[in-house]
Amino acid sequence: MFREAVFHRAMSPFVYKYDEKTIHIRLQTKKGDIDEAILIWGDPYDWHTEHPDDNDWNFDPTKSNYWNTRETPMARSGSDDLYDYWFIAVEPPYRRLRYGFKLSDGNETLVYTERGWFETKPLDDTGYYFCVPFLNKVDVFKAPDWVKDTVWYQIFPDRFANGDPANDPEGTLPWNSAPPTTTNLFGGDFQGVIDQVDYLVELGITGIYFCPIFEAKSNHKYDTIDYLEIDPQFGTKEKFKEMVDILHANGIRVMLDAVFNHAGFHHKAFVDVRENGDASVYRDWFHLRDFPLVTEPMPNYDTFAFVPEMPKFNTEHPEVKAYLLHVAKYWVEEFGIDGWRLDVANEVDHAFWREFRSVVKEANPEAYILGEIWHDAQDWLTGDQFDAVMNYPFTSAALNYFALDKTRAVSYANEMSHVLFSNTENVNEVTFNLIGSHDTPRALTRAGNNKNKMRLLLLSLLTFSGSPVIYYGDEIGLDGEQDPGCRKCMPWETELQDRSLFRYTQHLLLLRKEHRTLANLGLTSFVHADDETNTVVMKRVSHEGTYFVYFNNSNKEVTIPAPVDGHGMDLFSNTLRQTLEVTLPAFTGTIVQLMR
Ligand code: CA
């Protein structure tokens, strides 16, 4: 047994409180090494006079020589290239838990505890074991329930639809009359979104993530001038409220982009600092190293990257905190927005985000808080800061496999399994999965404009655990390179839209609603991955059903072997399949519901 590869610590995501009754436990072992993993567990105060083997919870604490334990097999729930991952959910009757692991590799059986390794389980003291002292309800990670069932649509406001020429800023170009540049404007606005509500409802999305809408200079609005004002090119506050109300009435939630890491160059506080230097009342709002402020050759104040136009806020300063927290509360309370997406969230201090969460959840306990973090985000996902992060590890695994041909089937399954095991299930259910955004080349462009590959990307996005987002226009075949190329105007003439791709996307959204296991009811794992044929089968399972999602990511027809015996309903062709062996044409996929 490779004991040095066996890993567990009594902390998230290896052990965590899943809900008020349930604790999830995971164990990592060397791939292929362990045949069987059994959880040894019990209540720390449950002692017996006899050496107990009976898994009996009735005990007499007055006569206590041996700790009473249960033994329950764990499931091998996934693997990546180096490790197997074992999983179990337990419901300790008194909400207290001590636990260890009994591991067999075919040659030997050993017990792994917090205090090391034993030949047999020690029962004279519970102190050897890993510990969850008490399952307090308030400690359970709790994201809003609605997020699990939400499919987002990301709108870059200047480019989705222009519904009101009267608010077009000077120099606005006719819709779709030119390729997007870093400076040009096309007049998109809130009225345009209102005008297209029927389109959004027809597609089936249930949330919109708006890139920044506050007053700013640029066309992308990430350089905020005033966080309490709408940029006039999008409409008034009244128009914004009208749009939010109309979207809500159509079952669509609204999430705004909060750029709290840095101000814009023209934000009044930074303007004051630039003008008055050391004497400015705002001097402590930023991280200023010297006076006067200079931008060349390098800014002498902290910024986002080294961009002088984006001075970093000092979020430890009480006035800055009060100001930004007021902003956070204002848009939730006054306009009923349902969530905040936090730009460059990882460069802002944790204490600020803890207060941010308190303020936002007090204004609306059902608000969603989503951080932009590109890496392992465990430090922000322990329940006191964010509900989720943007799942870029998902993005790169999906694009590398389906779009860029950088990986093959086994690597894809390994990478996706690794994504799933990096976070708790609570987080996996609400994590923000994307295949492209205003910051990246379009998914279709990445896929070499191959619409079939685009379909496979959408299939992987819309059947994976999490809360997926469709970047506006991806559903009708919009393409584009790295920004500004990926920010084209949405074409509204039907002949400019790929309606077949639209119907495909719409069908997947409908399936998510009809079969909750395909959305976020159950667990996700990979049951087939073959590099030779470049095919993958993903399994989704819950108490409501079992589903297999098949991917043929090769340029020829392939027959994928049945992952289990039985027959099933093909949800693409609506036909019964006598076996789960599935033959798929090149670059296609399908979903089969197991019928037994
Ligand atoms: Ca307009």
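Since the structure is predicted, the reported quantities are computational estimates derived from the model, not experimental observations. Excluded from the calculations below are hydrogen atoms, water molecules and symmetry mates; all remaining heavy atoms, backbone and side chain alike, are included. For ligands, and for the atoms within them, numbers begin at 1 and follow the listed sequence.
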Among the N/O/S atoms of Asp164, the Ca ion (ligand 1) lies closest to O
In Asp168, the N/O/S atom nearest the Ca ion (ligand 1) carries the name OD1
Residues Asp405, Lys453: salt bridge by 4.0 Å N-O rule: yes
Pair Lys312 + Glu347: basic N to acidic O under 4.0 Å: no
Hey, is the Ca ion (ligand 1) within less than 3.0 Å of some N/O/S atom on Asn167? yes
If the cut-off is 3.0 Å, does any N/O/S atom of Gly187 fall short of it from the Ca ion (ligand 1)? yes
Can you spot which of Val332, Asp387, Leu370 makes a side-chain contact (heavy atoms from CB on, under 4.5 Å) with Trp340? Val332
Any side-chain donor near an acceptor of the partner, Ser280 and Asp272, under 3.5 Å: yes
Over 60° means perpendicular and under 30° means parallel, so tell me whether Tyr222 and His438 are parallel, tilted or perpendicular. parallel
To 10 degrees, how wide is the angle OD2 (Asp189) to the Ca ion (ligand 1) to OD1 (Asn162)? 80°
